[in-house]
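Throughout, protein chains are lettered first and strands after them, A, B, ... in sequence-line order, and every chain is numbered starting at 1. The shown structure was predicted, so the numbers you read here are calculated from the model rather than taken from an experiment.
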There are 2 protein chains.
Amino acid sequence: MLKVGRLADYGILILHHLGRMRPARLAMESIAEITHVPLPTVRKVMKFLVDAELVISKRGPNGGYQLARPPAQVSLAEAIAAVEGPLALTECSSADGQCELHDQCDLAGRWPGVNAIVLRVLERTSLADLDRFGRHEPHVPPPLRDLMAPIR
Amino acid sequence: MLKVGRLADYGILILHHLGRMRPARLAMESIAEITHVPLPTVRKVMKFLVDAELVISKRGPNGGYQLARPPAQVSLAEAIAAVEGPLALTECSSADGQCELHDQCDLAGRWPGVNAIVLRVLERTSLADLDRFGRHEPHVPPPLRDLMAPIR
DNA sequence: GCATTCAATACTACATCGGTATACAATTCT
DNA sequence: AGAATTGTATACCGATGTAGTATTGAATGC
Ligand code: SF4
Ligand code: SF4
């Protein structure tokens, strides 16, 4: 598993679309139509994206949403964090949360390292990079190429 | 977020302990005591680990569990997959599941690439590597060093 | 002022997950 | 054989979180 929630998934999907339209503004209803995500759900997601300052909103006639930065400067890590909160594989991964075992656990201090690595991967993959992955024919973005090298 | 479930967390914790004891056998009750994980929960986790053939079990007096392979040959990816199923960031990440948007979604074919990359990271981090991460002083395991290089 | 469009809140149905209880099967030792 | 030990299997429960919905309110622009 280790899956990203549906809402975050939608968030990325929407951000991606906004990226293609940039710098045009897109109304919430249009977003729902294009992405086929139910409107009320879009509403909820947009709130997160605005709060995270990933998109700029404007009200009134001809209002809508607009990607705040070029797609190449928006990482998947940011997008996911915007919707689901900061990446934390375990409770003790980042600013130690509230794991009751924390004191007696051998692995307590060791997770942040792992966490940092996968975070780094997501940070280095931008919305623009997503396009490069192509449909069913993965093209690894430059910053990650060294890691993937032994794969294909 | 993007967190690994508590059960998988426990699983790794247990595997790690078994690794230190190897090749000794450890009874379920002992595992519960040492790791401070509630016994019934240990019971549930062990089933997954046995099914995945990560540990070998033996019944009867002086029975218990034993790590099937050297800790350096057990990856976090395997451990997590054993408990939570195969890694799939989104529904369409691996063998396309059942996302109703799949046909009309621009990103449908693009996730497997991302998925493969983070999977690769978890595959390259073994139980033995966990130790090297040290407490609060991360030491990146060799196979990932190139990726982390620009960080510190 | 009025149409348009986003913002905020509250709520519900549902799934998943962590955790528990209980009955059962296999192994060893005497 | 029989008792003690240890893992296996199943079924269940309650808390938590998630996806989705509804309603009402506030800002913008003409
Ligand atoms: S302290 Fe141990 S048990 Fe608690 S979250 Fe960290 S690794 Fe898991
Ligand atoms: S098809 Fe689109 S919406 Fe469905 S899981 Fe894949 S990315 Fe998410």
Side-chain angles (χ1 to χ4, degrees), chain A residues 1-14 18 24-33 35-66 68 80 83-85 88 90-91 97-101, chain B residues 1-14 18 24-33 35-66 68 80 83-85 88 90-91 97-101:
Chain A
M1 287 286 171
L2 190 64
K3 67 181 135 199
V4 42
R6 207 60 168 278
L7 257 49
D9 179 4
Y10 291 158
I12 294 173
L13 181 53
I14 291 172
L18 287 179
R25 231 189 319 270
L26 228 64
M28 198 157 49
E29 196 169 1
S30 311
I31 296 178
E33 278 178 23
T35 62
H36 302 97
V37 177
L39 179 68
T41 302
V42 175
R43 196 172 285 138
K44 176 180 283 190
V45 173
M46 295 321 285
K47 169 170 168 47
F48 293 128
L49 299 182
V50 169
D51 287 352
E53 295 181 334
L54 288 179
V55 302
I56 304 173
S57 70
K58 196 177 179 202
R59 302 199 231 198
N62 217 331
Y65 297 94
Q66 176 186 5
I80 296 175
V83 178
E84 303 193 330
T90 69
E91 296 290 345
Q98 59 285 22
C99 174
E100 63 277 8
L101 300 186
Chain B
M1 288 286 171
L2 190 64
K3 68 181 133 198
V4 43
R6 208 59 169 277
L7 258 49
D9 181 1
Y10 291 157
I12 294 173
L13 180 53
I14 291 173
L18 287 178
R25 232 191 319 270
L26 228 61
M28 198 158 48
E29 198 169 358
S30 312
I31 295 177
E33 278 178 23
T35 62
H36 302 98
V37 177
L39 180 69
T41 302
V42 174
R43 197 172 282 139
K44 176 179 282 190
V45 173
M46 294 322 286
K47 170 170 165 47
F48 293 130
L49 299 182
V50 169
D51 287 354
E53 296 181 333
L54 288 179
V55 302
I56 303 173
S57 71
K58 194 177 179 202
R59 302 199 231 198
N62 217 331
Y65 296 95
Q66 178 187 2
I80 297 174
V83 178
E84 304 193 329
T90 69
E91 296 290 345
Q98 56 286 19
C99 175
E100 63 277 6
L101 299 187

Would you check if the side chain of A/S30 reaches a backbone N or O of A/L26 as a donor-acceptor pair within less than 3.5 Å?
-> no

Base versus backbone protein contacts along nucleotides 20-30 of chain D [heavy-atom cut-off under 4.0 Å; B, S, -] | BB-B-BBSBS-

Is the shortest side-chain N/O distance from B/S57 to OP1 or OP2 of D/dT6 below 4.0 Å?
-> no

Whole angstrom value for the distance that separates [atom2] of [N] from [atom1] of [X]:
{"X": "A/M46", "N": "D/dA19", "atom1": "CE", "atom2": "P", "answer": "17 Å"}
{"X": "A/K3", "N": "D/dG17", "atom1": "NZ", "atom2": "P", "answer": "16 Å"}
{"X": "B/L26", "N": "D/dT5", "atom1": "CG", "atom2": "P", "answer": "18 Å"}
{"X": "B/I31", "N": "D/dT5", "atom1": "CD1", "atom2": "C1'", "answer": "15 Å"}
{"X": "B/R25", "N": "D/dT5", "atom1": "CZ", "atom2": "C1'", "answer": "13 Å"}
{"X": "B/I56", "N": "D/dG7", "atom1": "CD1", "atom2": "P", "answer": "14 Å"}

Report, one line per pair, each donor and acceptor closer than 3.5 Å where one atom sits in a side chain of residues 52-63 of chain A; sequence neighbours left out.
none

Any side-chain heavy-atom pair of A/Q66 and A/L18 under 4.5 Å =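 The answer is no; the side chains never approach within 4.5 Å.
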
Using heavy atoms to find the nearest nucleotide of DNA chain D for B/N62 and B/D51 separately, return the residue whose nucleotide is more 5′.
-> B/N62

Start and end of the DNA chain C segment that chain B contacts, any atom under 4.0 Å from a heavy atom = C/dG18 to C/dT28

Which pair of non-hydrogen atoms, one from B/E84 and one from A/L2, has the smallest distance, and what is that distance?
->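 Heavy atoms only, the tightest pair is OE1-N, 3.7 Å.
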
For A/V45 and A/I14, the nearest pair of non-hydrogen atoms, with its separation, is CG1-CD1, 4.3 Å

Name all residues meeting the side-chain hydrogen bond (donor to acceptor under 3.5 Å, both in side chains) criterion together with B/R6; count only those two or more places apart in sequence or in a different chain, and write none if there are none.
-> A/E100

Would you please name every residue forming a side-chain hydrogen bond (donor to acceptor under 3.5 Å, both in side chains) with B/D51, sequence neighbours left out?
->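 With sequence neighbours excluded, B/D51 shows a side-chain hydrogen bond (donor to acceptor under 3.5 Å, both in side chains) to B/K47, given in chain and number order.
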
Contacts of A/Y65 and B/E84 projected onto DNA chain C by closest heavy atom; the upstream (5') one is A/Y65

Considering residues at least two apart in sequence or located in another chain, which fulfil the side-chain contact (heavy atoms from CB on, under 4.5 Å) criterion with A/A32?
-> A/L39, A/V42

Under the side-chain contact (heavy atoms from CB on, under 4.5 Å) rule, collect the residues that match up with A/P40, sequence neighbours excluded.
->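 Listed in chain order: A/P38.
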
